[in-house]
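Below: one structure, written as structure tokens.
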2 protein chains.
Amino acid sequence: MSVQSRDPRTGQVNGEVPDSPPEAVDAAVSAAAAAAPRLAAVAPGVRAGWLRALADALEENRQRLATLADRETALGEERLGGEVTRTANQLRHYAAVAEEGSYLEATIDHGGEGSPDLRRVNVPLGPVAVFGASNFPFAFGVLGNDTASALAAGCPVVAKAHPAHPLLCTELRDLAVAALTGAGAPEGTYEVVHGFAAGERLVLHPAISAVAFTGSQSGGLALWRLAASRDVVIPVYAEMGTVNPLVVTPGAARKRGAEIASGFVSSYTLGMGQFCTKPGLFLAPAGAGLVEAVAGALRSAAPRGWLLTEAIAEAYASGVERLAAAGARVVARVDAPEAGWAAAPALLSVTVADLTGKPELLTECFGPVALACEYADLDELRAVLAVLPGSLAAAVHAELEEEELFTELVSTLSRTAGRVVVDGYPTGVVVGWAQQHGGPWPATTMPQTTSVGAHALDRFVRPVAYQNAPDQVLPPPLRDGNPWRLPRRVNGRLVPAAEGER
Amino acid sequence: MSVQSRDPRTGQVNGEVPDSPPEAVDAAVSAAAAAAPRLAAVAPGVRAGWLRALADALEENRQRLATLADRETALGEERLGGEVTRTANQLRHYAAVAEEGSYLEATIDHGGEGSPDLRRVNVPLGPVAVFGASNFPFAFGVLGNDTASALAAGCPVVAKAHPAHPLLCTELRDLAVAALTGAGAPEGTYEVVHGFAAGERLVLHPAISAVAFTGSQSGGLALWRLAASRDVVIPVYAEMGTVNPLVVTPGAARKRGAEIASGFVSSYTLGMGQFCTKPGLFLAPAGAGLVEAVAGALRSAAPRGWLLTEAIAEAYASGVERLAAAGARVVARVDAPEAGWAAAPALLSVTVADLTGKPELLTECFGPVALACEYADLDELRAVLAVLPGSLAAAVHAELEEEELFTELVSTLSRTAGRVVVDGYPTGVVVGWAQQHGGPWPATTMPQTTSVGAHALDRFVRPVAYQNAPDQVLPPPLRDGNPWRLPRRVNGRLVPAAEGER
């Protein structure tokens, strides 16, 4: 068995990559398990150096990688080149977060008066299986946020290549292994395997301690169920596509309806709608003409492009049919290219009654389609918001003169979304300390976690407490002398790392 | 249907409590759901006041509660009175942790240069179902760590009463509702339901957002599976009994073998062995006479008592038989009282070959029994440690002269345990900032979390990010003026709350 690489623009075969046999999967996991204690033992700053070397290697090969990725994804060399840079910067961000050291949550209670000396620190879980996404071959791929944050936290990674871009995954694997070992990382720190069976074997391997996944509901939940069947169940951090709502208030519709309509079209058709943060549901006041404005903006933008794989193109076509069968009406549709896995971007409209009564309208259709719904009054809007399932993000466009409604909407949307965007669009996920990428079920299997931003490391550690342990047998983060210069909590009080010492 | 309260010393009926009908469960959850936004909206310091009022009410009723609990559990009034005080202090600890505010992880990235203003804070999950334990009717019961940390984090609680002490649960419910509402908490903040069916209904109720459980593997995993069958899956934080190993090195055996043997007996028979942190496996060097010393200490201590319920007493008897059938040999056993649900404390010995080859020897037997195993050399010890499943705690007794071995053992045990105790015993779980109560699967369903100590609150919140939101629509923790005086991270830098301002 092997995975074929094909060009979405033509369907032609670029090449193929053989599936990893079971022995190769086992060898990769064994090497990762052997490397795990060594990754865990070094100071975070050492691992940060490895990640920075990897970031540099990516940027040095930016053009070559973008060209290769474009042949497999048709996402365009410019966008893909930008994504390489973004991915390098992500690696540097996670390096800095590891180095800063707060993720270790080093905590010391000195005890006394009958209480023991108790010290707690986060330790790496061990080898992590990463399932990269189709739609961001770099930023959410085999070297994306999951891999970067797992390595930063001290966990070796065995990544499963995505069949949408197997040649790129092979290339990234070679580049990463060379850069990491060149920077001093132990053998087994990183590996890539190919094929569906290899992915299943990874999840079931006793030495794998966590799974990170970015992709569809069906894929993520299948891995989650598989991991739950293990003797020793392990966490599955699946970040999955959702219908992300965008609400326009009456005030915003009056003041800048046309601008919002065109911004919405740009956002939901960006990358041919292949974003997990695509705003898939547009909620606007009736009578403001916004649905017509969105339709007009779509026709005039007339985005043209291809979807990533044949399966995605087929799922898009049948997904639009499914929405229509559930009562959605096609308001606008633009022509698609003739060849390859093209998709026709579309805008559909639905009634409040259908939206609140038919849950199938609120399941993601991956690709350049959105639903628009007009609410007659705020009670109708509230009725829709009350039935929304969990989503990665939500957006609200409102005016400060509507402060009460504005506050209500931000609060209501925060109950079902992981990120609430004001006067903007959810596509575009900044990598920083304050990011949250992950929302209530079914946006993620673990809504308490994020797959992007500083707290992404938290997924790959667990706390251990040491009671009355002498200094010399404690791990460095908990020793009296604080050799790693970490911010710590001592007897309940936060003690920032001395800035000059780090 | 109803739950009978019975006296473990005699089996006689104390009284009975009717099962909560489905309507009562639904009413409790609806009231909790209605209260949830109000709990979430108040400053943590306000909720801290409610918890302190509850703590005071417990202490004011200490003697009465201990007497009632003793009739249902036979744990002794002195121990139970101490547990009331401990429970009150727990409530005060979680109040202080909420007030300190770090659990909110308020984070602000001001953005600029094309990046948005992004702010992230933890919000309460919503109503939590708490399943209290049998063995600590106060500290891990319906007003125990789970309830206290959930309320502190801003989540209403509907607790399922434990059938081992239904009268006490009813009493605690009335006391808590009066104290909480008296302190200003909204109606619906806390409720207790009774009966097996009520517990299942709770877990499946759409408005319940998380489950916390303390008890057996079978009970915890049943709830975990039930929650996984929901349309919207919710987290189940189950803290479950495990076999907690205690390792004695050759040096420690030589220097203080007798002292360790008697300390071990005190620990594993404490509360008739009904501790989830009971040290259930004693690993000592062969030829040092430690197993004989433990047997002697058991015979001379001759602990006498009862188990909590008829079912637990039966499970203990059959559990000891199961261990014997798997090859464990009874080394010492002391007589049990004749009446009631008495148990005969016992010490069993096993060989390294059996221990490493028969996983059934490494499953918990709840009650006053422990396995002792002598290792011929360090390779045998390592072989045993390599097969240990996840545990809540582990202990090591070693000498500083053995530094290399000492360090190795602390490190090895930290891979399978949540807490490593040095020169002590795992029973006794201090409630503080540095505590970790929860270990790798199957000690807990979520090894990344703790059910005791400051970080217990983390289980009941999830992060939400706000992008480009104007100050007036942000929740208070993220506003520029920091009205709740929280420690925050601003542009990547930790900013402790100004001490004088809080």
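Throughout, protein chains are lettered first and strands after them, A, B, ... in sequence-line order, and every chain is numbered starting at 1.
Residues A:His455 and B:Pro463 are not in side-chain contact: their nearest non-hydrogen atoms beyond the backbone lie 4.5 Å or more apart. Counting heavy atoms from C-beta on, the side chains of B:Val123 and A:Ser414 never come closer than 4.5 Å.
Enclosure of atom CD in A:Glu404 is not indicated, since only 12 or fewer non-hydrogen atoms of other residues, nucleotides or ligands lie within 6.0 angstrom. Dense packing is recorded around CZ of A:Arg479, with more than 12 heavy atoms of other residues, nucleotides or ligands lying under 6.0 Å away. When the shell of 6.0 Å around CZ of A:Arg92 is examined, it contains more than 12 heavy atoms from other residues, nucleotides or ligands.
Contact count versus chain A (heavy atoms, under 4.5 Å) is highest, among B:Pro426, B:Ala465, B:Gly428, for B:Ala465. Ranking A:Arg415, A:His437, A:Met446 against chain B, the residue ahead of the rest is A:Arg415, based on heavy-atom pairs under 4.5 Å. Top candidate by heavy-atom pairs under 4.5 Å with chain A, chosen from B:Leu494, B:Thr450, B:Leu400, B:Ile108, is B:Leu400. Counting heavy-atom pairs closer than 4.5 Å to chain A, the top-ranked of the candidates B:Asp109, B:Thr107, B:Asn468, B:Leu125 is B:Asp109. Among the candidates B:Arg459, B:Gln472, B:Arg119, the residue making the largest number of heavy-atom pairs closer than 4.5 Å to chain A is B:Gln472. Of the listed residues B:Gly453, B:Gly432, B:Ala228, the one with more heavy-atom pairs under 4.5 angstrom with chain A than any other is B:Ala228. Most heavy-atom pairs under 4.5 Å with chain A: of the set B:Asp423, B:Leu118, B:Val233, this distinction falls to B:Val233.
With a 4.5 angstrom heavy-atom cutoff, B:Asp117 does not touch chain A via any of its atoms. For A:Thr416, the part lying near chain B is the backbone, with the side chain staying farther off; criterion is any non-hydrogen pair under 4.5 Å. For A:Val461, the part lying under 4.5 angstrom from a heavy atom of chain B is the backbone only. For A:Ala417, the part sitting under 4.5 Å from any heavy atom of chain B is the backbone (N, CA, C, O) and nothing else. Both the backbone and the side chain of A:Gln435 come within contact range of chain B, judged by heavy atoms closer than 4.5 Å. At a 4.5 Å heavy-atom cutoff, the contact between A:Asp231 and chain B is made by backbone atoms alone. In this structure, no portion of B:Ala393 lies under 4.5 Å from any heavy atom of chain A.
Side-chain atoms of B:Trp433 never come within 3.5 Å of backbone atoms of A:Arg120 as a donor-acceptor pair (strictly under, hydrogens ignored). Side chain of B:Trp441 to main chain of A:Pro235: no donor-acceptor pair is present (N/O by atom type, distance under 3.5 Å, no hydrogens or angles).
To the nearest 0.5 angstrom, A:Asp458 atom CG is 6.5 Å from B:Glu105 atom CD. The distance from the CD atom of B:Gln467 to the OH atom of A:Tyr425 is 12.0 Å, given to the nearest 0.5 Å.
Paired with B:Val473 under the rule side-chain contact (heavy atoms from CB on, under 4.5 Å), one option of A:Thr407, A:Leu409, A:Val420, A:Leu405 passes, and it is A:Thr407.
A donor atom on one side chain and an acceptor atom on the other are found under 3.5 Å apart for A:Arg489 and B:Ser102.
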